[in-house]
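Just so it is clear, the structure is predicted and the values come from calculations on it, not from any experiment.
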Amino acid sequence: GKCQESNESGGGNDTSPSKGHCPESKPTISFSLFVISILLGATLSYYLGRSYKTYSWKPKLIQKTEGQKEKLLASAQYRRTKIKVSEDSQQDECSPSEEWILEEIFFQDFFGRYNHENNNSENEFDDEEDEELEGEEDGKTGAPGTTIAVDFEKLDQNFLLDHMEVRESFLNVVWDASENLDIAVLSIHCQIKVRSTCEAIMKDGNFMRFLSDPAKKQLTFDTFIAGDEDIINIISIAQQHFDIRHQGRMRYSLKLRGTRPFNGRYTNYEHDLGEILLENKNHYFHKRKIGNAQTAFQNIHVYEALSYKVQSLEGYENSLETGVDNYYTQNPDLFRPNQWLFLDGVMQSSYLGDAAYHEALVHPAMLAHSVGPKRAAIIGGGEGATLREILKHRSIEVCTMIEIDAGMIKAARDWLPWMNNCSDFSDGNCFDDKRTDLRTEDAFAWFLKRFNKDSEPPAELQTDPFDVIVMDALDPEDTANFAVNLYKDLDFWGTILNAISDDGILVMQMGISPHVSDPGEEFGRNYNRATLFDTVEAVGFKRMFLYEEGHSNFQTPWSYLVACKSEKCSEEWYLNEAEIDLRIRERILPTKSGTPGLRYVDGSTMKKYQRPSRAWQTVYCRKLHSPVECKAFLDIKNVVLQRDAFQTSFNNGMKTIIAKVNMTKGTVISSTGSLTTKQALASNKLQFGSSLINDVVFESAISALDLLKDCNITHVLIEKDFHLGKISPYLERHLYMHDMHILEQDIKEGFEIDC
């Protein structure tokens, strides 16, 4: 109860208790000794038990830190910490309205790798401060840091209710992390109430802490480590020690704090690896690192995670059940987590985007080859998926893959076997296919030695040209000096042209597709792509086609460029859906499983690729000097279809063209209906099934317009030859411009053309 003041009237002395002391009771001596002995026995038993549980983990730590035992034992303390129910309450220390929490405190930096011998030196603080200041001048101390936040769900409730076990797990996390990181623990504070929490306070402002919630079977873990050290392994350490039953769910995020100087290239975590995957905690479950390797050329990261926004978490967990036969267990691949490949932090490909990206990269060019390519080459493509798609073609006799990084090929074999698996249509791994000519060397040097247009290679290096070359190595967004120089290197790209057969094709990925609000390519983030377009045009490719694919799992549509050495390529490029589907059936090897050889590309998909997006047209026309075709319609005031403008008749084998309406100079005359070119007409031949359309309609429309041109009555809006050797999204979207004629004089109704 509360302390009561006793002020007897008439007494000489004040008997009220002083502040912080309660008045003593006066029981008999024997009774007092009895009570005291019981209390002492209970207290001693309690603390002996606590001490056993508390220090049961110490031998493990002592083995790691010889000579630290005495310091460790001396550092542990217990104290009771007062937590007031109300901040406004003014109770004395004996008040029962205050809650008491047991707090464990471990002093000293016994977890650190830097133990100061002269702890009692009065100049120690000044020396450390001087070191920190020197470090700041070197840019080592005071640098930005990294924050990790981990959320565990569905943990074992009995584990969370046992504070001693949870606390021991936390101490093991701190200890294991301290072995590999430049951290020194100054003290660890733990509090036990309904929930348990511990915090490790470290040197340089670093910390680690956890908070458990047994009722919800949850635990949160947070850490901050200053500097630029890679601390991502702390996540796996935390999972190892907190999810000891391997039954929980884990979500986490890793975020870089502060600003870092930009040295031309972003670090791993500043790029896609951080932005897309690691920073995002709420969208991903089962996020884990499959593998990481630093090769002589790049840093390779492979991760997997389940995004509950596009994938079913329950479906994945159901698919893992054993002894159950249902849709989930029968189709586990439909519910598996996504996997990503990152090179130097830049996303390269993923499981969910594999088919769309690699089929879009390979098959449009392969199918545009008139007779089916026999020889193909890949520049880059270390994961093996580009090789896999090329080997699906019956006509391929050899595919030369030149990848500079042997470590990338090994990582793909070990961590991404689904990307280089050819077993469903061939034998085993694609890298080991008998048609594969795998070379681990510099692809650019390889081509320059064998196909340099200015010199004849020695006999041992002479190589036949390729029908298709797939460039899967360059990223137009790369700002590295070697890449920037390569985009404008006419000698190299001339060598690539020289390495292609007469009717051969080059295809390469062009990075993120433009948006309608983007500036001209040379002024935006894709200025390297604008340079590359100019270079490819300059070396002598005859026809170029831009297309894009929006399902490659890059969070934005992705663009590609096909460049043909021959004009004939366009006839194959504009095949209709039925012709493309027939070509796929004829050229693609059958699968052993009976599933389609191509999972994504078909005739309808290829039809979509035949026209670039409106955004490509818009950005193209925003060049500093707007292309001619972008201005072609600016002065046009009237457009008339040929069938409405002229009547064609035959008399004794002679063709007569008569004007049906009055037309003024500058009027544009377009060919009949939607049949704007012979190619467009041919693409509808299977639908209409009549050669009469080709013979009569085309002759009456196109030939009539040609006659008007021959008679100097009209001129073509855009000549067909204007298209050659030019990357023009505008013309690819407006092929009818080649069949639009502009009147050069006024024409009256009934005017007869007889030139």
Side-chain angles (χ1 to χ4, degrees), residues 61 64-65 106-116 128-129 131-152 167 169-190 197-212 219-243 250-263 266-271 273-275 277-281 287-289 292 294 299 301 303 342 345:
L61 298 180
K64 296 181 179 180
T65 56
F106 301 88
F107 291 102
Q108 312 298 338
D109 55 344
F110 54 86
F111 283 109
R113 290 187 290 175
Y114 305 102
N115 296 308
H116 305 292
E128 289 184 358
E129 186 175 18
E131 290 176 4
E132 291 180 0
L133 292 175
E134 291 174 3
E136 290 177 1
E137 293 176 0
D138 295 336
K140 298 178 181 178
T141 307
T146 305
T147 298
I148 288 178
V150 186
D151 292 346
F152 292 97
R167 189 213 56 189
S169 296
F170 175 70
L171 296 177
N172 287 331
V173 171
V174 177
W175 175 251
D176 289 350
S178 70
E179 288 191 313
N180 300 313
L181 295 175
D182 184 9
I183 58 177
V185 178
L186 302 177
S187 64
I188 298 179
H189 301 253
C190 296
T197 180
C198 288
E199 179 169 4
I201 300 174
M202 307 174 183
K203 186 179 176 182
D204 297 328
N206 302 329
F207 69 84
M208 293 184 188
R209 62 171 172 246
F210 82 87
L211 174 65
S212 67
L219 182 144
T220 62
F221 172 79
D222 300 277
T223 186
F224 171 81
I225 304 297
D228 284 322
E229 288 192 83
D230 187 350
I231 67 171
I232 195 167
N233 286 335
I234 292 178
I235 297 169
S236 59
I237 293 173
Q239 185 178 28
Q240 173 190 350
H241 291 298
F242 287 128
D243 189 13
M250 181 182 72
R251 294 182 294 174
Y252 68 82
S253 68
L254 180 149
K255 293 185 178 181
L256 300 181
R257 304 301 302 273
T259 58
R260 288 163 171 77
F262 181 69
N263 298 318
Y266 292 107
T267 63
N268 290 324
Y269 300 148
E270 289 176 303
H271 225 305
L273 177 56
E275 293 180 358
L277 190 64
L278 296 184
E279 290 186 9
N280 197 331
K281 179 181 67 174
K287 182 164 51 178
R288 71 182 184 95
K289 180 170 66 176
N292 173 221
Q294 176 64 59
N299 197 320
H301 286 88
Y303 276 82
F342 299 92

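Taking each heavy atom of Leu219 and Ser212 in turn, the nearest pair found is CD1-CB, 4.0 Å. Residues Pro144 and Arg257 come closest through the heavy atom pair CB-O, 2.8 Å. Taking all atoms of both residues into account, the shortest heavy-atom contact from Val150 to Met250 is CG1-CG, 3.6 Å. Closest of all the heavy-atom pairs between Met208 and Phe221 is SD-CZ, 4.0 Å. The two residues Val174 and Met202 have their closest heavy-atom pair at CG1-CE, 4.2 Å.
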Practice item. Would you please test Lys255 and Tyr269 for side chain to side chain contact (heavy atoms under 4.5 Å, CB included) and show each step? Key: CA-CA 8 Å; Lys255 293 185 178 181; Tyr269 300 148; over 6 Å; no

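Remark: Asp222 pairs with no residue by the side-chain hydrogen bond (donor to acceptor under 3.5 Å, both in side chains) rule, at least two apart or across chains. Residues passing the side-chain contact (heavy atoms from CB on, under 4.5 Å) test with Ser236 are Asn233, sequence neighbours excluded. Arg251 meets the side-chain hydrogen bond (donor to acceptor under 3.5 Å, both in side chains) test with Glu153; sequence neighbours excluded. With sequence neighbours excluded, no residue forms a salt bridge (Lys or Arg N to Asp or Glu O under 4.0 Å) with Asp243. In this view, Asn292 and Lys289, Asn299, His301 satisfy the side-chain contact (heavy atoms from CB on, under 4.5 Å) rule, not counting sequence neighbours. A search for side-chain contact (heavy atoms from CB on, under 4.5 Å) contacts involving Thr197 returns Gln191, Leu211, not counting sequence neighbours. Evaluation of the side-chain contact (heavy atoms from CB on, under 4.5 Å) rule for Ser169 yields Phe159, His241, Phe242 as partners, not counting sequence neighbours. Looking at residues two or more places apart in sequence or on another chain, you find no side-chain hydrogen bond (donor to acceptor under 3.5 Å, both in side chains) involving Tyr252.
Under the 3.5 Å distance criterion, the side-chain polar atoms of Thr223 are matched with a main-chain donor or acceptor of Phe207. A donor-acceptor pair under 3.5 Å links the side-chain atoms of Lys287 to the main chain of Asn280, judged by distance alone. A donor-acceptor pair under 3.5 Å is formed between the side chain of Asn206 and the backbone N or O of Lys203.
Distance check: Ile231 CD1 to Leu254 CG gives 6.0 Å after rounding to the nearest 0.5 Å. Expressed to the nearest 0.5 Å, how far CG of Asp151 lies from OG of Ser253 amounts to 8.0 Å. In this structure, NE2 in His189 is found 13.0 Å from CZ in Arg209, a value given to the nearest 0.5 Å. Between the CG atom in Asp228 and the OG1 atom in Thr146 there is a gap of 7.0 Å [rounded to 0.5 Å]. Taking CZ of Phe224 as the start and CD1 of Ile148 as the end, the distance is 11.5 Å to the nearest 0.5 Å.
Side-chain contact check for Cys198 versus Arg167: some heavy-atom pair is nearer than 4.5 Å. Side chains of Leu278 and Leu273 form a contact here, defined as non-hydrogen atoms less than 4.5 Å apart. Inter-residue side-chain proximity for Asp176 and Ile237 is flagged as met; some heavy-atom pair is nearer than 4.5 Å.
You'll find the ring centres of Phe170 and Phe210 inside the 6.0 Å limit.
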